[in-house]
Amino acid sequence: MSLDPSYNSSLLSSPAHSRPSTPITPSGLTWPSKGAESRRDESIAEREVRQEKIASAVRTILECIGEDPDREGLAKTPDRYAKALMFFTKGYEQNIREVINDALFEEDHDEMVIVKDVDVFSLCEHHMVPFTGKISIGYIPNRRVVGLSKLARIAEMITRRLQVQERITKQVATALMDILQPQGVAVIMEATHLCMCMRGVEKPGSSTVTSCMMGVFRSDPRTREEFLTLVRRR
């Protein structure tokens, strides 16, 4: 597995200074946020303190919207939400080495491998409301393959954090290029964003499609079209 910290991709989707351009750190974190390492390394007691801080903030929010956080239906909501939010964002602290779990194999296979329609869930970083959809991932090996379930697990690791859809597609593709060093990677994601359905333009039923093509999928139109045809097939 290539985990060279000097790797620098020009295809990353955001110039934000808080997000490193190196996809995988020596400790196995992918695009770690400012507090990712401290969250991963904290003790059980420190984790409880973190959740208590979130719960306290949720209680304040309930008060600010005019609710009574002490009424029966809401009494345990701050604690529930704190635990839920930690689960929704567990990707920050996941180690990609543990996700892959040595499921890399040398194999004389140079045709397309596709796992399609993987359900994914994330939180929009602009409004912290959910967006959900499906992601399809394809690659052409260069004598190295990965366990099929690991493609879905990598997608989940990258989506389980505050995200934007455009970045997800590029980060999944870039991570796989770094790990597998294949001939190419293609990623397509289609999702529904509640920030468009419940607020703003209020357009339920709309969906957003993003894609990222790297290697031969980007340079060879026939390879790209083959991938697009296969992922559309039902």
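Positions are given from 1 along the sequence.
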Asks: How long is the span from the CD1 atom in Ile168 to the SG atom in Cys212, to the nearest 0.5 Å?
Replies: 12.5 Å
Asks: Hey, does the side chain of Lys116 reach the backbone of Leu230 with a donor-acceptor pair shorter than 3.5 angstrom?
Replies: yes
Asks: Taking all heavy atoms of Tyr81 and all of Val58, pick out the closest pair and write down the distance.
Replies: CD2-CG2, 3.4 Å
Asks: According to ring-ring contact (aromatic ring centres under 6.0 Å, His included), who are the partners of Tyr139, at least two apart in sequence or on a separate chain?
Replies: none
Asks: Quick one: pull up CD in Glu48 and CD in Glu42 and give me the separation to the nearest 0.5 Å.
Replies: 10.0 Å
Asks: With respect to Met189, which candidate in Ile137, Val120, Val172 satisfies the side chain to side chain contact (heavy atoms under 4.5 Å, CB included) definition?
Replies: Val120
Asks: State, yes or no, whether a side-chain contact exists between Val99 and Ile154 at a heavy-atom distance under 4.5 Å.
Replies: yes
Asks: How long is the span from the CZ atom in Arg143 to the CD atom in Glu106, to the nearest 0.5 Å?
Replies: 7.0 Å
Asks: Taking all heavy atoms of Pro141 and all of Val113, pick out the closest pair and write down the distance.
Replies: CG-CG2, 4.1 Å
Asks: Shared ILVMFWY cluster between Leu104 and Met177, side chains joined below 4.5 angstrom?
Replies: yes
Asks: Looking at every heavy atom in both Ser122 and Thr159, which two are closest together, and how far apart are they?
Replies: OG-O, 2.6 Å
Asks: So, Arg224 and Ser219: side-chain donor and acceptor under 3.5 Å apart, yes or no?
Replies: no
Asks: When you compare the side chain of Asp68 with that of Leu62, does any pair of heavy atoms fall below 4.5 Å?
Replies: no
Asks: By the side chain to side chain donor-acceptor pair (under 3.5 Å) test, which pairs, at least two apart or in different chains, include something from residues 188-198?
Replies: Gln165-His193, Glu190-Ser207
Asks: Taking the side chain as every heavy atom from C-beta outward, state whether Glu225 and Phe217 have any pair of such atoms under 4.5 Å apart.
Replies: no
Asks: May I have the step-by-step check of salt bridge (charged side-chain N to carboxylate O under 4.0 Å, His left out) for Glu52 and Lys83, ending in yes or no?
Replies: CA-CA 10 Å; Glu52 288 171 1; Lys83 293 175 182 176; over 6 Å; no
Asks: Rounded to the nearest 0.5 Å, what separates atom CE in Met213 from atom OG1 in Thr169?
Replies: 9.5 Å
Asks: Are Val129 and Ile61 connected into the same hydrophobic cluster when the rule is that any two of I, L, V, M, F, W, Y join if their side-chain heavy atoms are below 4.5 Å apart?
Replies: no
Asks: Which residues satisfy the side chain to side chain donor-acceptor pair (under 3.5 Å) test with Arg71, sequence neighbours excluded?
Replies: Glu67
Asks: Got a sec, which residues hit side chain to side chain donor-acceptor pair (under 3.5 Å) with Asp70, two or more places apart in sequence or on another chain?
Replies: Arg59
Asks: Walk me through whether Val209 and Ile188 qualify under side chain to side chain contact (heavy atoms under 4.5 Å, CB included).
Replies: CA-CA 7 Å; Val209 179; Ile188 290 181; 4.2 Å; yes
Asks: Where is the tightest heavy-atom contact between Cys195 and Cys124, given as atom of each residue plus distance?
Replies: SG-SG, 4.2 Å
Asks: Same cluster or not: are Leu180 and Val115 linked, directly or through other Ile, Leu, Val, Met, Phe, Trp or Tyr residues, by side-chain heavy atoms under 4.5 angstrom apart?
Replies: yes
Asks: Within a 6.0 Å radius of atom CD1 on Ile65, are there more than 12 heavy atoms belonging to other residues, nucleotides or ligands?
Replies: yes
Asks: I'd like to know if the side chain of His126 and the backbone of Met128 have a donor-acceptor N/O pair within less than 3.5 Å.
Replies: no
Asks: Quick check: closest heavy atoms across Pro182 and Val185, and the distance to 0.1 Å?
Replies: CG-CG2, 3.6 Å
Asks: Does Leu162 share a hydrophobic cluster with Phe131, counting links as ILVMFWY side-chain heavy atoms below 4.5 Å and allowing steps through other members?
Replies: no
Asks: Taking it one step at a time, do Val164 and Glu125 satisfy side chain to side chain contact (heavy atoms under 4.5 Å, CB included)?
Replies: CA-CA 6 Å; Val164 296; Glu125 67 178 32; 3.8 Å; yes
Asks: Is there a path from Val118 to Phe121 through hydrophobic residues (I, L, V, M, F, W, Y) whose side chains come within less than 4.5 Å of each other?
Replies: no
Asks: Using atom types as modelled and distance alone, determine if a side-chain donor or acceptor of Gln171 lies under 3.5 Å from a backbone N or O of Trp31.
Replies: no
Asks: A side-chain contact here means heavy atoms from C-beta on lying under 4.5 Å apart; do Arg50 and Met86 qualify?
Replies: yes
Asks: Quick check: does any side chain N or O of Glu46 sit under 3.5 Å from a backbone N or O of Ser43, one acting as donor and the other as acceptor?
Replies: yes
Asks: Kindly say whether Lys170 contributes a backbone atom to a donor-acceptor pair with the side chain of Thr174 at under 3.5 angstrom?
Replies: yes
Asks: Heavy-atom distance under 4.5 Å between the side chains of Ile135 and Val187, does that happen here?
Replies: yes
Asks: Please enumerate all residues that pass side chain to side chain contact (heavy atoms under 4.5 Å, CB included) together with Arg40, with sequence neighbours excluded.
Replies: Ser27, Leu29, Glu37, Glu93
Asks: Would you call Leu123 and Gln163 a side-chain contact if the rule is heavy atoms closer than 4.5 Å?
Replies: no
Asks: Taking Arg144 for the side chain and Ile179 for the main chain, is one N or O donor matched with an acceptor at less than 3.5 Å?
Replies: yes
Asks: Please report the shortest heavy-atom distance between Ala103 and Lys150, naming the atom on each side.
Replies: CB-CE, 3.7 Å
Asks: Is any side-chain heavy atom of Val146 less than 4.5 Å from a side-chain heavy atom of Phe105?
Replies: no
Asks: For Thr89 and Arg160, indicate whether the former's side chain and the latter's backbone hold a donor-acceptor pair under 3.5 Å.
Replies: no
Asks: For the atom pair CE (Met157) and CD1 (Ile100), what is the distance rounded to the nearest 0.5 Å?
Replies: 7.5 Å
Asks: Please name all residues satisfying side chain to side chain donor-acceptor pair (under 3.5 Å) with Lys90, sequence neighbours left out, ordered by chain then number.
Replies: none
Asks: Hey, does the side chain of Asp220 reach the backbone of Arg222 with a donor-acceptor pair shorter than 3.5 angstrom?
Replies: yes
Asks: How long is the span from the CG atom in Asp117 to the OG atom in Ser136, to the nearest 0.5 Å?
Replies: 4.5 Å
Asks: A side-chain contact here means heavy atoms from C-beta on lying under 4.5 Å apart; do Gln51 and Arg47 qualify?
Replies: yes
Asks: Side chains of Thr30 and Arg161: do they bring a donor and an acceptor to under 3.5 Å?
Replies: yes
